[in-house]
Number of protein chains: 4
Amino acid sequence: MTIKKQKILDAALQLFATHGYDATPTSKIAKEAGVSEGLIFRHFESKEKLLVFIMDMGIEKSLELSRGVLSAENPKEILKGILELPFLIEEDIHFWKLHHALKLQSPEYTDRYKTFKDETLLEIFSKLGYKNPRSEAAFMGVFLEGLFVSILSKQEYDYEQLKQIIYSKYNLNE
Amino acid sequence: MTIKKQKILDAALQLFATHGYDATPTSKIAKEAGVSEGLIFRHFESKEKLLVFIMDMGIEKSLELSRGVLSAENPKEILKGILELPFLIEEDIHFWKLHHALKLQSPEYTDRYKTFKDETLLEIFSKLGYKNPRSEAAFMGVFLEGLFVSILSKQEYDYEQLKQIIYSKYNLNE
Amino acid sequence: MTIKKQKILDAALQLFATHGYDATPTSKIAKEAGVSEGLIFRHFESKEKLLVFIMDMGIEKSLELSRGVLSAENPKEILKGILELPFLIEEDIHFWKLHHALKLQSPEYTDRYKTFKDETLLEIFSKLGYKNPRSEAAFMGVFLEGLFVSILSKQEYDYEQLKQIIYSKYNLNE
Amino acid sequence: MTIKKQKILDAALQLFATHGYDATPTSKIAKEAGVSEGLIFRHFESKEKLLVFIMDMGIEKSLELSRGVLSAENPKEILKGILELPFLIEEDIHFWKLHHALKLQSPEYTDRYKTFKDETLLEIFSKLGYKNPRSEAAFMGVFLEGLFVSILSKQEYDYEQLKQIIYSKYNLNE
DNA sequence: CATGAATGAGATTTCATTCAT
DNA sequence: CATGAATGAAATCTCATTCAT
């Protein structure tokens, strides 16, 4: 990976996240990256493949991070870890903004992560012995989704108290 | 409102929602609406003003609907009503998809609704006598946000059970 | 057919014929036609479809002309007519230059005419009662091909004498 | 001549012949030759000089071949030899396809061969004692041209019979 | 001799917008 | 009110060529 290729990736991610994929011309990416416009196409063939590359990389990284969190032994620890995940997006905020923007209108770019998330939650609550794990997984899925969006849109909630509500619901404080 | 103007609005909303504002050319709107491209500009001046028109109309309608729900006397009834709101979007699914898509990347089009929602929730939980209404409002805000997104993205959860979790949390079943 | 659309066709045919399809940018066509570059694509969608349109039109016109010549009663008159065809290309010289240029490298644009020509020659010599009509058709096909190319490349031959050689071969003089 | 230089020549000739000079990017030549794009320019300076090199080489080879054929003593033998020339192009089919493609639209690359051909034919028929050698040369020129094109475009004629027609015309069977 | 990253000019195409009818 | 021809700016993409290694 040459420096310039990396600069293109950085610039593209930031611009796609901030203004949207369709609203971002390759000329702007090139300028932001300090690179000729042609180089984008030498490295990525097309604007869309650049997007795919960015999404694949980001999802791969996220999956790795998530798998780390989920490798804990104690199921309650895993649940605590999952609750922390939304707060770990800060450093990848651009990726997650883009991810979120694509989710509804171009789900093909984000499906891989969605599948992983759904399956993981279901597994967790099965392991925890809930009699209706599917229902609990749904609740957590919905709540986590809302948490993600709230953090992404910089809602100024008291997130510690929010977490407490979940902690007491699942007896995570003991 | 002539028939053709309405057709333009319908086509634009559907296309903006499905593919995104930037990814939708006016030519496609015109074709979908069965109308000449020029007519769009005669009625709405510019593509952006067409978007603003659509968003304003949609938000107005939503506020009206919400105000209906919120006019109930009993605060618990209001809360029940709020919980139903995410399920009422089905018929305005295009508007809400678009709303959601704009929220993060072009918040200027959606701020009016957001402000309304935040203030309303806070007021409800104050009325209900919670000692920390801001915190409960945050929880419900986050949960509702997740619920919206889940419904928008056609997640096949068992939403009745989900509601029950909230119902028991706030003793809405009595 | 608006005037400008016709101007585009004229300019494109002339430039494609003179410099080749690939060597002719649409910007040059637009300038030559006195038209905005975008208009080319409004009318023809793509540069290649513009080429197809030109070729189809030209072939249609040629087939019509040819059918006129071939409608004579007397088979010898028909043969005379065929021999005149290469000399009728002067007014469509641009089309035929382009036709010739595409024949070997992009035969898909010219096949329709080729098929017509082959079948017609065979039919003629069958009607004339030659015992080996296929062979005579081949000879005339080859000779006509050479004649076309020679005229296209402005070879300064004495074409009257050339015709005489064929006339005496097939006894067309009596 | 290094192996790689030769590979570039082979690939370029094949691609120029098949798709045309303008339609062939240097990147494709490089890929086809299994060579870096830069190497093309190290060896040939520019794409156009590569074309010139190819054409000059090919014409030189053709002239040599032709001179062999024409060195026969008996003028009728020479004529027979000339009639065979179109059938010798099989092994240089790519060169001749390219030659043919350039003839009308970029004659500067092919003039050398044309001049040679015209002068040679005239000389032959003068030596053979025809009273109108120019006219016979024209006829043969036209016929040969047609023969070349027919063979290049893989027309499935019975070429033996075609040759016989010429053989009897010039009493070459004696 | 050879590579491959990089450029910049230009090619094709798209698209919001204008305007005469 | 409505059309559709036309524009011009900008978007995506291509490609011959250069250059450091």
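So that the names make sense, note that chain A is the first sequence line, chain B the second, and so on, each numbered from 1. Values in this document were obtained by computation on a predicted structure and should not be read as measured data. Values reported hereafter were calculated over all heavy atoms of this structure, with side chains retained and with hydrogens, waters and symmetry mates removed.
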Can you measure [X] atom [atom1] to [N] atom [atom2] for me and round it to whole angstrom units?
X: L39(D); N: dT3(E); atom1: CG; atom2: P; answer: 6 Å
X: I40(B); N: dC15(E); atom1: CD1; atom2: P; answer: 13 Å
X: I29(D); N: dT14(F); atom1: CD1; atom2: C1'; answer: 14 Å
X: L50(C); N: dT13(E); atom1: CG; atom2: P; answer: 10 Å
X: Q6(B); N: dA2(F); atom1: CD; atom2: P; answer: 13 Å
X: K7(A); N: dT7(E); atom1: NZ; atom2: C1'; answer: 17 Å
X: K31(B); N: dT3(F); atom1: NZ; atom2: P; answer: 15 Å
X: L15(C); N: dT12(E); atom1: CG; atom2: P; answer: 12 Å

Under-4.0 Å side-chain N/O to phosphate OP1/OP2 contact, H43(C) with dG4(F):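 Indeed not, no polar side-chain atom of H43(C) lies that close.
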Residue-phosphate contact under 4.0 Å: K4(D) side-chain N/O, dT3(E) OP1/OP2: yes
First encountered from the 5' end of DNA chain E, between G34(A) and G34(D):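 Closer to the 5' end of DNA chain E: G34(D).
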Watson-Crick/G-U partner (both atom distances under 3.5 Å) of dT12(E): dA11(F)
Pair assignment for dC19(F), Watson-Crick or G-U wobble, requiring both distances under 3.5 Å: dG4(E)
Salt bridge K28(A)-E37(A), side-chain N to carboxylate O under 4.0 Å: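 E37(A) and K28(A): not salt-bridged.
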E32(D) and K7(D) ion-paired at < 4.0 Å: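 Looking at E32(D) and K7(D), the cut-off is not met.
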Residues that D111(B) engages under salt bridge (Lys or Arg N to Asp or Glu O under 4.0 Å), provided they are two or more places apart: none
T110(B) side chain to P107(B) backbone, donor-acceptor under 3.5 Å: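 Yes, the answer is positive, given that a donor and an acceptor are paired below the 3.5 Å cut-off.
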Donor-acceptor side-chain pairing of H100(D) and H100(C) below 3.5 angstrom: yes
Check: E48(C)/Y109(C) side-chain N/O donor and acceptor closer than 3.5 Å: yes
Sugar-phosphate, base or nothing in reach of K5(C), heavy atoms under 4.0 Å: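 No contact.
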Heavy-atom protein contacts under 4.0 Å, nucleotides 16-21 of chain E, coded B base, S sugar-phosphate only, - none: BBB---
Proximity to the side chain of S36(B) - top-ranked nucleotide from dA6(E), dA2(F), dA2(E):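 The answer is dA2(F), which lies nearest to the side chain.
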Ring geometry between W96(C) and F148(C) (parallel below 30°, tilted from 30 to 60°, perpendicular above 60°): tilted
